[in-house]
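Naming convention: chains lettered A, B, ... in sequence-line order (proteins, then strands); numbering from 1 in each chain. Worth knowing before you read on, the calculation uses all heavy atoms, side chains too, and leaves out hydrogens, waters and symmetry mates.
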Number of protein chains: 2
Amino acid sequence: MIFDFFKEVGIIEQLSRARLEARLPDGLIAPHFAVLNHLTVRGDGAVPIDMARAFQIPKTSMTHTIKGLVQHGLVEMRSNPDDGRSKQVWLTDKGIAMRQEVINALGADFALLAEGFDMAALARIKPTLTALREYLDDARDVTAGG
Amino acid sequence: MIFDFFKEVGIIEQLSRARLEARLPDGLIAPHFAVLNHLTVRGDGAVPIDMARAFQIPKTSMTHTIKGLVQHGLVEMRSNPDDGRSKQVWLTDKGIAMRQEVINALGADFALLAEGFDMAALARIKPTLTALREYLDDARDVTAGG
DNA sequence: GTTGATTGGTGCGATATCGCACCATATATG
DNA sequence: CATATATGGTGCGATATCGCACCAATCAAC
């Protein structure tokens with residue numbers, strides 16, 4: 001049944017998140033890492049509201065996550081020269097280093113996974129997951145029956 | 001890359017959870033529904049600690065979730081005649097009815113999804129997801145590099 | 001059977017999520 | 001350019017998650 005499909009997705013998300021967070025320093029959780037990663041991959045100095053939209057979370061949640069990163073010295077907030085309302089979030093050297101360490105540790109985790117599980121099978125189903133994600137993303141505001 | 005696989009899983013989880021919660025009465029979220037569903041599918045009168053283990057969450061979290069369901073009159077707590085330490089969680093008529101209404105609403109959501117997305121493709125990749133979930137589940141305590 | 005260890009539940013505190021309200025700034029309208 | 005509207009950020013309160021500590025009940029070891 002299709003309901004079970006999403007149940008499996010939920011469990012895998014929970015288990016993989018637990019493994020990620022086991023690699024993070026005390027006091028940091030998945031959303032913190034997601035921000036560091038976003039800044040690295042999509043470009044440093046992002047505006048908080050833009051990341052909130054990218055993650056599809058409320059802006060108050062993003063404010064809170066960034067505050068935690070600032071307190072740990074992993075990012076710093078700067079005023080945005082182009083817009084006095086908004087700010088920019090910049091990685092610190094410590095933040096760059098910490099993300100890299102986590103990436104390295106995750107590499108070991110993935111290597112272990114590859115020893116016991118058919119990674120090619122995951123690569124094979126990834127396009128379908130991507131298509132589903134894109135569909136759900138686009139149809140975000142479409143509701144059945146009101 | 002394999003990292004992106006889990007990223008897709010995370011996003012799909014987030015989007016599907018949002019859609020589920022849009023179908024729930026005010027004040028109830030996915031974990032509440034998960035408990036109602038568990039009691040319906042796996043058997044009524046479950047012991048809280050057993051559900052906490054099934055969901056792989058701390059027992060304090062389960063206590064909290066059940067408390068919310070009790071306050072909404074959807075389940076009731078009874079003492080366990082077989083073990084004075086533990087309790088049992090039983091669905092109320094209201095709880096049974098509420099779950100069914102949500103199931104019905106989700107049916108409409110799934111029908112809408114089926115109109116725009118290839119459900120057979122999801123059915124095709126489900127076994128791989130199940131295998132991955134089982135693997136991660138079994139290897140829960142195995143760590144790479146300590 | 002007494003005693004120590006284990007187990008199930010919960011109060012409490014720290015942190016997370018998020019809606020509401022508010023303020024500062026920017027943009028649009030005239 | 002004065003004013004209305006929109007936008008970005010944050011304080012606050014409600015609820016969620018979860019580790020720690022504690023208690024009651026059970027089980028294990030003798």
In chain order, what residues pass the side-chain contact (heavy atoms from CB on, under 4.5 Å) check against [X], with sequence neighbours excluded?
{"X": "Thr128(A)", "result": "Ala121(B), Leu122(B), Ile125(B)"}
{"X": "Thr40(A)", "result": "Leu91(A), Arg99(A)"}
{"X": "Lys67(A)", "result": "Gln71(A)"}

Could I get a table of every N or O pair under 3.5 Å where one atom is in the protein and the other is in nucleotides 3-7 of chain C?
unit_1, atom_1, unit_2, atom_2, d
dT7(C), O4', Arg85(B), NH1, 3.2

Review point. Considering residues at least two apart in sequence or located in another chain, which fulfil the salt bridge (Lys or Arg N to Asp or Glu O under 4.0 Å) criterion with Asp44(A)?
Key: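 Not a single residue meets the salt bridge (Lys or Arg N to Asp or Glu O under 4.0 Å) criterion with Asp44(A).
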
Practice item. Could you list the residues that satisfy side chain to side chain donor-acceptor pair (under 3.5 Å) with Arg78(A), not counting sequence neighbours? Key: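 With neighbours one apart ignored, the set is Glu76(A).
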
Point to revise | Set of side chain to side chain donor-acceptor pair (under 3.5 Å) partners for Asn104(A), sequence neighbours left out | key: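 Once residues adjacent in sequence are excluded, the partners of Asn104(A) under the side chain to side chain donor-acceptor pair (under 3.5 Å) criterion are Gln100(A).
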
Check your understanding: If you find the nucleotide of DNA chain D closest to Gln88(A) and the one closest to Asp82(B), which residue's nucleotide is nearer the 5' end?
Key ->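 Nearest-nucleotide comparison on DNA chain D picks Gln88(A).
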
Check your understanding: Should Arg19(B) and Asp109(B) count as an ion pair when the cut-off is N to O under 4.0 Å?
Key ->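 A salt bridge is absent here (no side-chain N lies under 4.0 Å from a carboxylate O).
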
**Study point:** Straight-line distance of Asn37(B) CG to Lys7(A) NZ, nearest 0.5 Å
**Key:**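 Those atoms lie 6.5 Å apart.
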
Point to revise | Whole-Å gap separating C1' (dT10(C)) and NZ (Lys67(B)) | key: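 Whole-Å distance recorded here is 7 Å.
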
**Study point:** Between dG9(C) (C1') and Asn80(B) (CG): distance, integer Å
**Key:**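 Taking CG of Asn80(B) and C1' of dG9(C), I get 12 Å after rounding.
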
**Study point:** Set of ring pair (Phe, Tyr, Trp, His ring centres under 6.0 Å) partners for Phe55(B), sequence neighbours left out
**Key:**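 Phe55(B) satisfies ring pair (Phe, Tyr, Trp, His ring centres under 6.0 Å) with His38(B) only.
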
Review point. Considering residues at least two apart in sequence or located in another chain, which fulfil the ring pair (Phe, Tyr, Trp, His ring centres under 6.0 Å) criterion with Phe5(A)?
Key: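 By the ring pair (Phe, Tyr, Trp, His ring centres under 6.0 Å) rule, Phe5(A) matches no residue at all.
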
Exercise for review: For the helix from dG1(C)-dC30(D) to dG30(C)-dC1(D), measure the angle between the helix axis at one end and the axis at the other, each built from five pairs, rounding to 10°.
Suggested key: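 So the angle between the two local helix axes works out to 30°.
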
Review point. According to a strict under-4.0 Å criterion, is Lys59(A) in side-chain N/O contact with OP1 or OP2 of dA21(C)?
Key: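 Checking dA21(C) against Lys59(A), no side-chain N or O comes under 4.0 Å of OP1 or OP2.
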
Check your understanding: Who else is in Trp90(A)'s hydrophobic cluster (ILVMFWY, side-chain heavy atoms under 4.5 Å, direct or via others)?
Key ->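 Cluster partners of Trp90(A): none, it stands alone.
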
Practice item. Going 5' to 3' through nucleotides 13-19 of chain C, assign each nucleotide B (protein heavy atom under 4.0 Å from a base atom), S (under 4.0 Å only from sugar-phosphate atoms) or - (no protein heavy atom that close). Key: ---SBBB

**Study point:** Given DNA chain C, 5'-ward residue of the pair Lys87(B) and Asp83(A), judged by closest heavy atom
**Key:**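 First, find each residue's nearest nucleotide; the 5'-ward one identifies Lys87(B).
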
Review point. Considering only dG9(C), dG11(C), dG9(D), which nucleotide approaches the side chain of Val47(B) most closely?
Key: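 It is dG9(C).
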
